[in-house]
Number of protein chains: 2
Amino acid sequence: MKKITIKDIALEAKVSISTVSFVLNDKGEKMNISKAVIKKVQEVAEKLHYRPNMIASSLRTGKTRSIGLIVEDISNQFFSDLARVIEDEAKKLGYRVFYCSTGNDDDRSDELIQSLLQANVDGFIITPTEKLEKSIDHLIKLKKPVVLIDRYFPGQNVSHVVMDNYEGSYSATQFLIKKGRRSIAFVNNTSGMIQMQLREKGYVDAMKEAGLYQESLILHLEYHSNEDAKIAAIVHFFEKNTGIDAVLFSANYMGLAGLQAFRKMDLEIPKDLSVISFDDHYSFRLHTPSISVIEQPIDAIAVKAVGLLMDQMIDGRDFVIEKVLQKGKLLIRESV
Amino acid sequence: MKKITIKDIALEAKVSISTVSFVLNDKGEKMNISKAVIKKVQEVAEKLHYRPNMIASSLRTGKTRSIGLIVEDISNQFFSDLARVIEDEAKKLGYRVFYCSTGNDDDRSDELIQSLLQANVDGFIITPTEKLEKSIDHLIKLKKPVVLIDRYFPGQNVSHVVMDNYEGSYSATQFLIKKGRRSIAFVNNTSGMIQMQLREKGYVDAMKEAGLYQESLILHLEYHSNEDAKIAAIVHFFEKNTGIDAVLFSANYMGLAGLQAFRKMDLEIPKDLSVISFDDHYSFRLHTPSISVIEQPIDAIAVKAVGLLMDQMIDGRDFVIEKVLQKGKLLIRESV
DNA sequence: CTGAAAGCGCTTACAG
DNA sequence: CTGAAAGCGCTTACAG
């Protein structure tokens with residue numbers, strides 16, 4: 001089966017290849033090509049089952065109609081949900097999405113950016129890792145459209161869309177306090193990224209306002225440790241700090257490790273301990289009791305991020321840097 | 001920042017662009033280019049931070065060094081694990097992977113194949129949906145390398161790598177029988193794909209051999225129904241067929257629906273009911289009690305599939321169609 | 001041993 | 001209203 005090119009169409013329709021190209025790119029009217037010719041070309045293209053060669057057109061135009069999506073871990077449900085919505089949104093606009101996971105590894109993130117640059121993606125949506133600020137500066141210098149999601153660098157002037165982490169954490173903590181909980185722990189990781197800092201700050205402020213704050217109630221888990229190590233650390237922490245009656249996890253994978261720790265310790269939820277975690281997860285719904293979460297507005301984040309990226313990708317438009325905060329949602333289930 | 005091309009290197013190194021191309025493609029020696037020139041060209045390329053334009057080279061060679069991976073649902077852990085291993089394997093060999101989900105929708109699957117064809121991927125790894133046989137025939141006619149995973153079409157001569165579904169199901173059923181269970185249910189979907197048929201057949205044969213087979217112990221869930229509908233169907237089935245003392249689920253999403261059904265019905269696992277499911281899942285390990293599974297040999301499947309695909313992609317090599325069965329592993333946890 | 005040139009399949013400025 | 005031609009950045013058969 002021979003590849004059909006615009007040359008074949010031109011031959012068959014007895015017009016020049018430029019005419020074919022104009023018609024197939026819907027520029028026929030603009031170029032004052034006659035209705036009859038337009039119709040003819042379209043029919044021939046249809047008849048021969050013409051499929052444009054995207055590689056050739058990319059080489060010529062320098063555009064690939066693709067965007068690179070770099071997330072932390074595509075096998076984490078939060079990110080795979082995000083990716084799916086972003087992909088759908090992009091497809092509506094005729095863009096293809098290449099996605100890859102950093103595993104929060106800075107070197108790998110940098111490599112991925114290089115490789116996507118080399119694949120000539122037209123724009124980037126990134127959940128940056130800690131040391132990625134330079135690489136992102138680099139993209140900006142290259143005038144590549146970039147939107148960050150889930151987190152960002154406070155000093156850097158780049159569009160980003162994130163949840164209102166401070167508010168989410170603050171309200172969840174207040175909710176626990178109103179429920180009569182007094183000794184509320186906060187389990188975070190050691191990454192120090194802005195979204196984790198804000199989640200911690202929301203908790204700290206709510207605790208301080210209620211006069212309940214104690215530094216010893218905060219546990220920081222090594223980010224790069226495996227799940228068993230996290231479970232062990234949580235067990236150790238709760239054995240040392242008896243009397244804790246509630247806990248807020250700053251991400252779903254910590255919450256999941258926590259549930260396993262509590263099972264080992266035979267702690268009963270919510271009698272002994274109220275539990276709330278950031279980010280929803282299938283296992284939180286299935287768990288007995290089901291676990292309350294601060295659900296991220298995934299759809300809103302994805303749609304907005306694609307929108308901001310498109311704004312930057314439209315040639316010549318003077319785009320504005322936008323920094324968007326989306327509200328999360330406290331989903332109360334049986335665990336509080 | 002200007003894009004560096006081989007022309008720039010040629011200019012700077014004072015050689016022709018062909019020489020540059022040969023050197024950078026490691027064909028310098030073969031073309032009898034002097035050591036000195038090779039070194040010079042490499043140094044200049046390094047100095048100018050040359051990055052080859054993959055689009056240009058693709059247009060010229062017709063190869064993209066990429067493979068298309070079509071799975072049923074990338075947000076299902078079985079497929080996302082599979083995808084990760086395939087991606088890693090492919091990367092080792094210098095290939096990039098584009099992945100997409102069919103959602104078991106035949107039209108969408110066909111579309112995805114078209115779109116990957118248009119993106120000029122060099123080969124395909126596919127978990128086919130029911131009506132995809134024609135599309136796959138089409139790929140073969142185009143001489144596109146294809147490997148199927150997880151399932152295949154019995155009459156079609158295509159390389160594939162799948163788990164030994166019959167054996168997995170047969171042993172799991174036998175295990176339940178040896179444990180003293182007598183009224184063992186089997187929950188399958190309505191898709192009728194070969195892997196599901198074989199899982200059912202393994203169960204049926206084991207039951208028949210033990211003289212325990214009853215057709216009424218098999219439930220078929222509508223594939224395209226949502227989770228709540230599946231849960232309702234399972235509840236209905238178990239309310240009608242009282243006395244069932246064990247159940248084997250033919251895929252993880254059915255097992256997960258089942259766990260929710262049993263929770264609603266206050267069935268106690270494993271006292272009232274032993275449970276085993278195909279495919280592992282995070283929630284199966286976290287569940288109280290933890291759920292026994294027939295674990296798929298994901299790494300082996302992925303590695304083998306990439307290997308078979310590469311065999312086909314090496315130009316001119318007369319590749320052989322291989323049909324590979326990998327053994328699954330029965331992981332016994334608390335649910336039996 | 002190395003270079004000039006054709007060509008992959010498009011898009012688009014230019015000419016008429 | 002439509003066509004001839006240049007050029008995107010490579011690879012490779014051919015010439016010398």
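Throughout, protein chains are lettered first and strands after them, A, B, ... in sequence-line order, and every chain is numbered starting at 1.
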- request: Would you mind reading off the distance between A/Lys40 atom NZ and D/dT2 atom P, rounded to a whole angstrom?
  value: 12 Å
- request: Report the C-alpha distance between B/Ile149 and B/Ile86 in whole Å, list the side-chain angles of each, state the deciding distance to 0.1 Å, and finish with yes or no for side-chain contact (heavy atoms from CB on, under 4.5 Å).
  value: CA-CA 11 Å; B/Ile149 48 175; B/Ile86 288 177; 4.1 Å; yes
- line: So the stems of DNA chain D, runs of at least three Watson-Crick or G-U pairs (under 3.5 Å), are C:1-3 with D:14-16, C:5-12 with D:5-12, C:14-16 with D:1-3
query: Is there a residue in residues 43-50 of chain A whose heavy atoms reach under 4.0 Å of DNA chain D, and which residues are they?
result: none
- prompt: Tell me: CG of A/Asn120 to P of D/dC10, nearest whole Å?
  reply: 11 Å
query: Can A/Thr19 and A/Ser16 be counted as having a side-chain donor-acceptor contact under 3.5 angstrom?
result: yes
- request: Run the numbers on A/Glu130 and A/Arg151 for salt bridge (Lys or Arg N to Asp or Glu O under 4.0 Å), then give the verdict.
  value: CA-CA 10 Å; A/Glu130 270 181 272; A/Arg151 52 192 91 164; over 6 Å; no
Residues 107-114 of chain B, side-chain donor-acceptor partners within the protein, below 3.5 Å, at least two apart:
from     : atom 1 : to       : atom 2 : distance (Å)
B/Arg108 : NE     : B/Ser101 : O      : 3.1
B/Arg108 : NH2    : B/Ser101 : O      : 3.4
B/Ser109 : OG     : B/Asp105 : O      : 2.8
B/Ser109 : OG     : B/Thr129 : OG1    : 3.2
B/Asp110 : OD1    : B/Ser135 : OG     : 2.4

- request: Starting from C1' on D/dG9, measure out to CG on A/Leu59 and report it in whole angstrom.
  value: 6 Å
query: Distance only, no hydrogens: is a donor on one side chain within 3.5 Å (strictly under) of an acceptor on the other, for B/Arg96 and B/Thr64?
result: no
task: When you get a sec, tell me which of D/dG9, C/dC10, D/dT11 is the closest nucleotide to the side chain of B/Thr5?
output: D/dG9
- prompt: Under 3.5 Å, side chain of B/Ser21 to main-chain N/O of B/Ile17, donor-acceptor pair present?
  reply: no
task: Round to a whole Å and report the spacing from NZ of B/Lys7 to P of C/dA5.
output: 13 Å
query: How many Å lie between CD on A/Gln118 and C1' on D/dC10, as a whole number?
result: 13 Å
statement: Closest of D/dC10, D/dT2, C/dG9 to the A/Val37 side chain is D/dT2
Taking distance alone, no hydrogens or angles, what donor-acceptor pairs closer than 3.5 Å link side-chain atoms of residues 36-52 of chain A to residues at least two apart or in another chain?
from    : atom 1 : to      : atom 2 : distance (Å)
A/Lys39 : NZ     : A/Glu43 : OE2    : 3.2
A/Lys47 : NZ     : A/Glu12 : OE2    : 2.8

field: Within residues 14-36 of chain A, residues whose heavy atoms come under 4.0 Å of DNA chain D
entry: A/Val15, A/Ser16, A/Ser18, A/Thr19, A/Met31, A/Asn32, A/Ile33, A/Ser34
- prompt: Can you check whether A/Val121's main-chain N or O pairs, donor with acceptor, with A/Arg65's side chain at less than 3.5 Å?
  reply: no
- request: Report yes or no: does B/Ser159 contribute a side-chain atom to a donor-acceptor pair with the main-chain N or O of B/Glu322 at less than 3.5 Å?
  value: yes
- request: Write out all pairs satisfying ring pair (Phe, Tyr, Trp, His ring centres under 6.0 Å) with one or both partners inside residues 71-105 of chain A, taking only residues at least two apart or from two chains.
  value: A/Phe98-B/Phe98, A/Tyr99-B/Tyr99
message: With salt bridge (Lys or Arg N to Asp or Glu O under 4.0 Å) as the criterion, how do A/Glu89 and A/Lys92 come out once you've worked through the C-alpha distance, each side chain's angles and the decisive distance to 0.1 Å?
response: CA-CA 5 Å; A/Glu89 276 300 301; A/Lys92 278 185 212 159; 2.8 Å; yes
message: Say we look at C/dT2 and D/dT11: how far apart would their C1' atoms be, to the nearest angstrom?
response: 16 Å
field: Whole-Å distance separating the CD1 atom of B/Ile6 from the P atom of D/dG7
entry: 16 Å
